[in-house]
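The figures that follow rest on heavy atoms only: side chains count, while hydrogens, waters and symmetry mates do not.
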Amino acid sequence: MQKLSELLSCATQRLPPQYFQVELDGGDPVYRERVYCYELYHQLRCHWPADTPFYLNGELDKAAHPILRELGADYAKPDLLIHQPGYMAGNNTIIEVKSSNAQRDGIEKDLKTLALFRTKVNYQRAIYLLFGYQALAAAERVRRVSMGLGALPPIELWVHPAPGEPAREVLFGADA
């Protein structure tokens, strides 16, 4: 889907601050990946092109999928998928989202999932979207973790450092 990068940039820019960080009664605001993802899904759907064969799905459980079970990918619940349901050749993009305070274990799990969907499930694109005021520092953590995983297929690394700003792709892996 050629317009996805533009859609993602616009959708992240439109994401209101209360979905970027959640206010807590009696505490400091916190990042909540699920809150961010649900609003991102909403913003994407509001401007989803009518003339595309691709669907946007969020947290699609793959546990009962017979082909993905054979590929070792049935454990995954990607944050967002752009695909043609029921048609494995129509796999377009997998998106995993993490806040800027993501830790090594979560980053490693996400990178392995993105790599698996690129190599064995044949998704055309894999996007790792980091949101939060320290998203650029988190991007450095992602780079360090990825170096320990060996050769990865192409994975786009995007950062969304503040509400009101569009997310943007940053160089990653061999491109950096």
Side-chain angles (χ1 to χ4, degrees), residues 1-15 19 33-63 65 67-69 71-100 102 106-132 135 138-139 142-143 145-146 149 151-161 165-176:
M1 183 171 159
Q2 292 181 336
K3 291 180 66 172
L4 181 59
S5 293
E6 180 183 334
L7 281 168
L8 187 57
S9 290
C10 291
T12 52
Q13 186 171 18
R14 288 189 305 268
L15 217 133
Y19 297 101
E33 180 185 314
R34 190 168 294 182
V35 171
Y36 180 94
C37 284
Y38 286 1
E39 182 61 16
L40 177 58
Y41 173 89
H42 170 73
Q43 293 296 333
L44 286 166
R45 286 284 297 133
C46 284
H47 295 86
W48 201 254
D51 62 345
T52 182
F54 298 108
Y55 288 80
L56 173 66
N57 285 123
E59 284 201 11
L60 193 57
D61 188 339
K62 298 294 191 174
H65 198 295
I67 295 172
L68 294 181
R69 188 176 316 119
L71 298 173
D74 59 331
Y75 70 88
K77 289 181 188 168
D79 292 318
L80 298 168
L81 286 178
I82 293 97
H83 64 149
Q84 294 176 345
Y87 183 63
M88 287 295 287
N91 294 329
N92 187 273
T93 305
I94 177 175
I95 301 174
E96 287 287 352
V97 176
K98 274 287 186 274
S99 74
S100 60
I107 293 169
E108 187 172 315
K109 177 188 151 296
D110 286 346
L111 288 173
K112 287 178 178 179
T113 298
L114 291 165
L116 178 65
F117 273 66
R118 279 291 314 228
T119 58
K120 291 197 175 177
V121 189
N122 297 318
Y123 272 74
Q124 295 171 24
R125 292 176 76 179
I127 296 175
Y128 201 20
L129 173 60
L130 303 170
F131 75 98
V142 169
R143 284 188 181 106
V145 170
S146 71
L149 296 177
L152 293 172
I155 296 172
E156 298 172 36
L157 182 59
W158 286 59
V159 294
H160 184 203
E165 293 181 20
R168 60 180 166 51
E169 186 176 2
V170 295
L171 296 179
F172 175 61
D175 299 329

With sequence neighbours excluded, residues passing side chain to side chain contact (heavy atoms under 4.5 Å, CB included) with [X]:
X      : answer
Ala167 : Thr12, Leu129, Trp158, His160
Ala126 : Ile94, Leu114, Arg118, Ile155
Glu165 : Pro161, Ala162
Tyr41  : Arg45, Leu56, Leu80

Would you mind reporting whether [Y] and [X] have side-chain heavy atoms less than 4.5 Å apart?
X      : Y      : value
Pro49  : Leu7   : yes
Asn91  : Gln124 : no
His83  : Asn92  : no
Arg168 : Ser9   : no
Ser146 : Leu111 : yes
Ile82  : Ile95  : yes
Pro53  : Gln84  : yes
Arg125 : Leu4   : yes

>> Between Arg143 and Val170, does the side-chain contact (heavy atoms from CB on, under 4.5 Å) criterion hold? Intermediate values first, please.
In response: CA-CA 11 Å; Arg143 284 188 181 106; Val170 295; 4.1 Å; yes

>> Determine whether Phe131 and Tyr36 satisfy the following criterion, ring-ring contact (aromatic ring centres under 6.0 Å, His included), listing intermediate values before the conclusion.
In response: CA-CA 9 Å; Phe131 75 98; Tyr36 180 94; 3.9 Å; yes

> Does Leu81 offer a backbone N or O that forms a donor-acceptor pair with the side chain of Asn57 under 3.5 Å?
Replying inline: no

>> Using modelled atom types and a 3.5 Å cut-off, is there a donor and acceptor pairing between side-chain atoms of Arg14 and backbone atoms of Gln43?
In response: yes

> Looking at residues at least two apart in the chain, or sitting in another chain, which of them share a ring pair (Phe, Tyr, Trp, His ring centres under 6.0 Å) with Tyr128?
Replying inline: none

Measure the spacing between [atom1] of [X] and [atom2] of [Y] and express it to the nearest 0.5 Å.
X      : Y      : atom1 : atom2 : answer
Cys37  : His42  : SG    : NE2   : 14.5 Å
Glu156 : Ile127 : CD    : CD1   : 4.5 Å
Cys10  : Lys3   : SG    : NZ    : 9.0 Å

>> Leu8 vs Leu40, test: side-chain contact (heavy atoms from CB on, under 4.5 Å). Steps then yes/no.
In response: CA-CA 8 Å; Leu8 187 57; Leu40 177 58; 4.2 Å; yes

Can you see which heavy atom on [X] is nearest to which on [Y], and at what distance?
X      : Y      : value
Trp48  : Phe54  : NE1-O, 3.0 Å
Ala139 : Leu157 : CB-CD2, 3.8 Å
Thr119 : Asn122 : O-OD1, 3.6 Å

> What residues form a side chain to side chain donor-acceptor pair (under 3.5 Å) with Glu108, not counting sequence neighbours?
Replying inline: Lys112

> Do Phe117 and Tyr123 make the cut of ring centroids closer than 6.0 angstrom?
Replying inline: yes

